[in-house]
Structure formats: C-alpha cells, structure tokens
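Structure first, commentary second.
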Amino acid sequence: MNKTAFLGALTVTGLAAGAAAAATLDDVRDRGTLNCGVSTGLTGFSAPDANGNWEGFDVAVCRAVAAAVLEDPEAVEFVPTTGQTRFTALASGEIDLLARNTTWTFSRDNDLKFEFVGVNYYDGQGFMVPKELGVTSAKDLGGATVCIQTGTTTELNLADFFRTNNMEYEPVPIETNAEAQQQYLADACDVYTTDASGLAATRASFENPGDHVILPEIISKEPLGPLVRHGDNEWGDIARWTLNALIAAEEYGVTSANIEELSQGTQNPEVNRLLGTEGNLGEMIGLDAEWAKRAIMAGGNYGELFERYLGESTPVGLARGLNAQWTDGGLLYAPPFR
C-alpha cells in the first residue's frame with residue numbers, strides 16, 4: 001500500500017472509531033436512560049429489593065455513571081444477565097455498560113472485543129461446603145460434585161485446580177446464582193465454587209449461614225470490573241474516570257457528607273479538579289464541570305459504598321483486604337486528576 005492510501009486508510013479507520021466512540025454517549029443522552037447489565041441477583045453486588053429497586057455495589061457504579069452523564073442516578077434501566085448472556089447483551093448494544101462481577105481476562109479484553117475500564121473489586125475463586133461434611137481444605141474435595149456457573153472463568157479455574165492436584169470431580173452446571181443456591185441447598189452438589197465475594201454474598205442469604213464454611217484456599221486472581229465495547233473510546237473514558245472518581249474521592253477524604261462544602265473550593269488542587277472548581281476535566285470527556293461531583297453524590301465514595309453493601313457490618317461481611325486504598329496496604333489506586 002502506498003503512503004497516500006495508507007494515510008487514507010488510517011483516516012477512515014479513525015473516523016469509524018470516532019463515530020463508534022460517540023455513538024454510545026449520544027444514544028444514552030437521546031434515550032435519557034443508561035442501560036446497565038447486572039447479575040440476576042447477588043446480595044451486596046446487584047439485587048432488587050422488596051420493592052423491585054436495584055441496589056448493591058455494582059448497581060452503585062451504574063448509578064454513578066448515570067449521575068455523571070444524565071445528572072440523575074435513577075435514570076438507569078437495569079438488565080439482569082447470566083454468565084452466558086452478559087457478553088451477548090453488551091456486544092449487541094442491548095446494554096451500554098456491564099457492571100456484573102465480571103473478571104478481567106486477556107481473552108475477554110481482546111478476543112471478545114471488550115474494554116474493561118478498571119477494577120472495582122479484587123477477588124479470587126473459593127469453595128463453600130456444608131459444615132457437616134467436616135472438610136477443612138479444598139485439597140480434600142477429590143470426588144466431589146461441584147455446582148459451577150457456566151460461561152465463567154470459574155469453570156476453567158476449577159478444571160485447572162483439580163487437574164493440578166490429581167483429583168477427580170463431577171461438575172453440576174448451573175446458569176444463575178439463584179439456581180446454584182437452590183441446587184447446593186438441595187444437596188444436588190457437595191460444593192459451590194465461585195468468586196469468594198460471591199460465596200460470602202450467597203451464604204449471607206441462607207437461613208442458617210453458620211451451617212456453611214468457605215474454605216481457606218483462593219485458587220485464582222479475579223479482578224472484577226465494569227466493561228464496555230471496543231471502539232467506544234469516549235464512552236470508555238467516561239466509565240473509567242467515573243470509577244476512578246469514586247476511588248479518588250475516598251483517598252482525598254471527599255464524602256457524601258462534606259462534598260457540598262468541599263465543592264466551594266479547597267487548598268487541595270487535586271480535590272478542586274475532581275469536583276470541578278478548577279480546570280476543565282469534564283470538558284475533555286464531553287461532560288460538564290460537576291460530572292464527578294454528581295457521581296460521588298449518587299451514593300458516596302468507594303469506601304462508603306463498600307461499607308454499605310459489602311462491609312463487615314453487613315450480612316455479606318467482607319473485610320477491605322486487597323480492596324483497601326493503596327495508602328492502607330490495598331490495591332486501590334486512582335490515577336491523578338490533572
């Protein structure tokens with residue numbers, strides 16, 4: 001290809017990518033709602049309450065993005081998806097954003113043509129068994145029947161773990177967490193395996209949570225986070241920096257209680273840029289100056305959301321662990337707002 005043709009091809013490619021990037025933002029604004037893919041129901045992460053209102057840690061990400069873009073955290077249409085249907089829903093355009101405890105992997109990022117915008121929960125796969133079985137280690141699970149959600153990384157991790165440890169197992173395939181819970185409690189399988197946070201959330205919904213044990217082994221890395229389609233560069237930036245805003249707000253001490261006061265201006269330039277009182281960061285991603293302020297006000301900063309939906313005082317009962325700020329020994333680290 002000659003130089004002129006090459007540059008022409010680059011221009012066409014660039015225009016096509018630009019059109020794709022603008023499309024989702026325009027669609028969301030024209031529609032007036034954000035279509036957000038969530039789970040079919042996982043306590044603490046995404047589940048409808050008794051009145052049908054969705055709530056949870058992943059739900060809060062959807063609401064933060066809606067607040068940033070549409071100025072209304074309630075302007076969200078929640079679309080329940082399974083491990084099998086979630087990627088089709090995103091690829092087809094049925095949803096604009098997937099926020100459904102989904103693991104960031106090489107193949108999902110590249111082969112499936114998605115773009116993960118960050119990690120909102122660092123996790124790992126574990127095992128839950130009835131206490132009455134007397135099992136204390138995953139290495140004692142040889143010959144067990146295992147409930148496993150199809151279309152997930154846990155299927156592959158499970159096969160790797162048992163192969164590495166020269167053990168046999170019988171998989172019991174299930175589609176949703178609700179089905180897994182039903183099958184597990186009905187003794188259709190000896191073990192339920194999924195992300196450790198998912199196990200804690202599932203156990204919290206049991207009538208007798210204390211009758212079940214989450215084994216100590218964590219057999220994988222499961223960085224969970226929201227994702228968009230490849231080519232949605234501008235939309236990806238909005239989702240990415242909305243998540244970063246929630247993380248940065250905790251680090252800088254910006255909370256739902258003090259954000260109005262701090263948004264009047266502070267001595268910290270980073271806080272001022274985050275809240276839109278200095279600079280033009282919102283303009284760079286097609287939003288106004290107060291996009292991040294609205295995202296934080298939708299439910300609070302990352303720490304507030306964690307404590308409300310997943311923390312040790314909730315039925316899920318998770319410690320911050322790897323999900324603490326980098327200044328507290330965790331992995332949370334938002335890039336600079338400048």
Side-chain angles (χ1 to χ4, degrees), residues 37-48 56 58 80-89 98 100-103 105 107-108 112 121 123-224 315-318:
V38 291
S39 74
T40 53
L42 184 63
T43 301
F45 284 91
S46 54
D58 286 334
T81 63
T82 68
Q84 294 279 32
T85 64
R86 54 184 164 174
F87 299 130
T88 303
L98 179 62
R100 185 203 176 279
N101 54 301
T102 298
T103 303
T105 71
S107 59
R108 289 173 176 176
L112 295 185
Y121 193 92
D123 210 346
Q125 184 174 336
F127 299 91
M128 179 168 63
V129 299
K131 182 181 289 186
E132 65 181 10
L133 290 184
V135 175
T136 58
S137 170
K139 292 184 178 180
D140 297 330
L141 295 176
T145 53
V146 184
C147 280
I148 180 82
Q149 288 191 55
T150 54
T152 64
T153 55
T154 54
E155 280 188 293
L156 305 177
N157 297 334
L158 181 67
D160 286 350
F161 177 77
F162 275 80
R163 178 181 175 183
T164 299
N165 288 282
N166 296 311
M167 298 189 301
E168 299 291 332
Y169 70 100
E170 180 182 342
V172 178
I174 45 92
E175 284 285 331
T176 67
N177 187 67
E179 184 184 352
Q181 177 178 325
Q182 181 182 30
Q183 295 286 77
Y184 173 78
L185 291 177
D187 296 326
C189 55
D190 304 311
V191 187
Y192 180 32
T193 184
T194 189
D195 301 334
S197 64
L199 295 177
T202 300
R203 183 173 64 172
S205 67
F206 290 169
E207 185 175 345
N208 297 300
D211 291 345
H212 305 271
V213 176
I214 297 175
L215 300 178
E217 288 87 355
I218 297 295
I219 67 169
S220 68
K221 292 184 294 184
E222 306 293 330
L224 310 178
V316 181
L318 295 172

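Side-chain atoms are counted along with the backbone in the values below, which use heavy atoms only and exclude waters and symmetry mates.
Aromatic pair Tyr184/His212: centroids less than 6.0 angstrom apart. The distance between the ring centers of Phe161 and Tyr169 does not fall below 6.0 angstrom.
Atoms CD1 and CD, from Ile148 and Gln125 in turn, are 5.5 Å apart once rounded to the nearest 0.5 Å. The distance from atom CD of Gln181 to atom CG of Leu42, rounded to the nearest 0.5 Å, is 10.0 Å. Summarising the geometry, atom CD belonging to Gln149 is positioned 6.5 Å from atom OG1 belonging to Thr176; distances are rounded to the nearest 0.5 Å. From Leu133, atom CG reaches atom NZ of Lys131 across 12.0 Å, with rounding to the nearest 0.5 Å. One finds the OG1 atom of Thr150 at 4.0 Å from the CD atom of Gln84 (value rounded to the nearest 0.5 Å).
With no hydrogens or angles considered, a side-chain donor-acceptor pair links Glu217 and Ser137 at under 3.5 Å. Side-chain N/O atoms of Thr145 and Glu170 include no donor and acceptor closer than 3.5 Å. Side-chain N/O atoms of Thr40 and Thr82 include no donor and acceptor closer than 3.5 Å.
A pairwise comparison of heavy atoms in Gly126 and Leu199 identifies C-CD1, 3.4 Å as the closest pair. In plain terms, the two heavy atoms of Glu179 and Glu175 that are nearest each other are OE1-N, 3.0 Å. Ile174 approaches Ala180 most closely through the heavy-atom pair CD1-CB, 3.4 Å. Taking all atoms of both residues into account, the shortest heavy-atom contact from Thr81 to Gly37 is CG2-CA, 4.5 Å.
A side-chain donor-acceptor contact under 3.5 Å links Asp58 to the backbone of Asn101. Between the side chain of Thr102 and the backbone N or O of Arg100 there is at least one donor-acceptor pair closer than 3.5 Å.
Residues forming a side-chain hydrogen bond (donor to acceptor under 3.5 Å, both in side chains) with Gln182 (at least two apart in sequence, or on another chain): none.
Of the candidates Thr202, Thr154, Asn177, Tyr192 forms a side chain to side chain donor-acceptor pair (under 3.5 Å) with just one, namely Asn177.
Side-chain contact between Arg86 and Thr152: present, with at least one pair of heavy atoms (C-beta onward) separated by less than 4.5 Å.
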